[in-house]
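One-based numbering, in listed order, for ligands and for the atoms of each.
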Amino acid sequence: MKPAATIEAVRAWIASARRVVALTGAGISTDSGIPDFRGPNGVWTRNPAAERLSDIRHYTADPEVRKASWRARLEHPAWNATPNAGHVALAALERRGTLRALITQNIDGLHLRAGNSPERVIEVHGNLHQAVCLACSWKGPMQAVLERVRAGNEDPDCESCGGILKSETISFGQALVPAVIERAMQAAQEADLLLAVGTSLRVFPVANAVPIARAAGARIVIMNAEPTQFDEIADAVLNGSISAELPQVCGTA
Ligand code: NAD
């Protein structure tokens with residue numbers, strides 16, 4: 001069992017680091033009212049059948065899955081969510097000049113809304129705010145497509161080619177964008193401190209950022225309520241509330 005590192009120790013490490021890379025997951029946004037997938041109140045923990053909506057094979061094959069997905073997008077908590085103290089702390093870290101990159105698995109756009117810049121934020125799983133056609137690659141604002149859903153179209157198709165529309169997010173079974181994941185792994189390679197926040201570290205290849213940074217000599221700090229498979233190679237593991245502790249370790253509390 002790893003000895004518990006204190007918040008003060010982590011705060012000192014972050015204060016002296018020059019190339020911090022944050023890797024965030026759904027857990028940083030739960031205090032903004034957006035449930036995670038695998039935590040105790042996660043969407044899949046409460047309703048395992050919901051996992052079908054996140055699989056591209058079911059999405060393309062079954063109109064009923066698409067209709068359920070559009071209903072879920074319509075009611076997605078991200079539309080009314082605002083950044084919490086955890087997001088704000090990472091934006092402050094960027095302003096201080098030490099945050100080299102912010103790799104996020106989140107699709108909610110809250111890091112950008114908190115003030116992190118698009119140059120630093122690497123959204124490896126895409127963004128809910130854009131819609132895309134799976135056939136012709138048309139892209140447009142999600143809200144315009146949701147207007148059609150609100151008007152009664154349960155499974156809106158692409159107005160250019162009739163193809164299947166979805167959010168511009170990476171579903172299970174869908175390939176990541178190679179240039180985006182390469183950029184993320186490169187950032188991990190160059191970090192002197194990697195801060196993994198609110199992620200179960202069970203989704204690959206993104207989770208590889210942790211062992212890649214470790215192998216390159218970075219300090220590893222994991223902040224997550226539940227244990228992860230990489231706790232053993234971390235220098236510190238903090239299991240408290242992210243919105244309470246991230247501002248403390250970033251020195252912005
Ligand atoms: P996950 O659901 O697998 O894990 C989240 C972890 O965060 C859990 O281990 C949980 O215990 C922890 N956690 C939750 N709230 C916390 C808090 N307030 N303080 C401390 N720890 C907390 O999430 P993941 O690793 O990001 O992987 C899930 C996938 O789901 C990602 O690919 C992501 O794209 C997607 N997702 C995104 C959002 C979002 O954009 N907000 C929400 C749900 C799922």
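- Protein heavy atom at the shortest distance from atom 13 (N) of ligand 1 is Gly27 CA, 3.7 Å.
- Of the protein's heavy atoms, Pro35 O, 3.5 Å lies nearest to atom 42 (C) of ligand 1.
- The residue among His125, Glu226, Met223 with a heavy atom at the shortest distance from atom 31 (C) of ligand 1 is His125.
- No hydrogens or angles considered: a donor-acceptor pair under 3.5 Å links the side chains of Ser29 and Asp108.
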Donor-acceptor pairs under 3.5 angstrom involving side-chain atoms of residues 155-162: please list them, not counting sequence neighbours.
{"residue": "Asp155", "atom": "OD1", "partner": "Arg66", "partner atom": "NE", "Å": "3.3"}
{"residue": "Asp155", "atom": "OD2", "partner": "Arg66", "partner atom": "NE", "Å": "2.9"}
{"residue": "Asp155", "atom": "OD2", "partner": "Arg66", "partner atom": "NH2", "Å": "3.2"}

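- Residue Ser241 places no N or O, backbone or side chain, under 3.5 Å from any N or O of ligand 1.
- At the top of the distance list for atom 18 (N) of ligand 1, counting protein heavy atoms only, stands Thr30 OG1, 3.2 Å.
- Each of the atoms 41 (N) of ligand 1 lies under 4.0 Å from some heavy atom of Ile34.
- When heavy-atom distances to ligand 1 are checked against a 4.0 Å cut-off, Asp108 comes that close through both its backbone and its side chain.
- Taking Arg100 as the reference, nothing meets the side-chain hydrogen bond (donor to acceptor under 3.5 Å, both in side chains) condition, with sequence neighbours excluded.
- Under the 4.0 Å criterion applied to side-chain N and carboxylate O atoms, Arg11 and Glu8 are not assigned as salt-bridge partners.
- Close approach of ligand 1 to Gly240 is summarised as follows: ligand atoms under 4.0 Å from at least one heavy atom of the residue are 19 (N), 20 (C).
- Among all protein heavy atoms, the one lying closest to atom 38 (C) of ligand 1 is Ala26 CB, 3.9 Å.
- Summary of contacts: the protein heavy atom closest to atom 28 (C) of ligand 1 is Arg38 NH1, 3.4 Å.
- A donor atom on one side chain and an acceptor atom on the other are not found under 3.5 Å apart for Glu168 and Asn127.
- Of the protein's heavy atoms, Ile107 N, 2.8 Å lies nearest to atom 40 (O) of ligand 1.
- Ligand 1 has Gly198 within reach: a non-hydrogen atom of the residue lies less than 4.0 Å from it.
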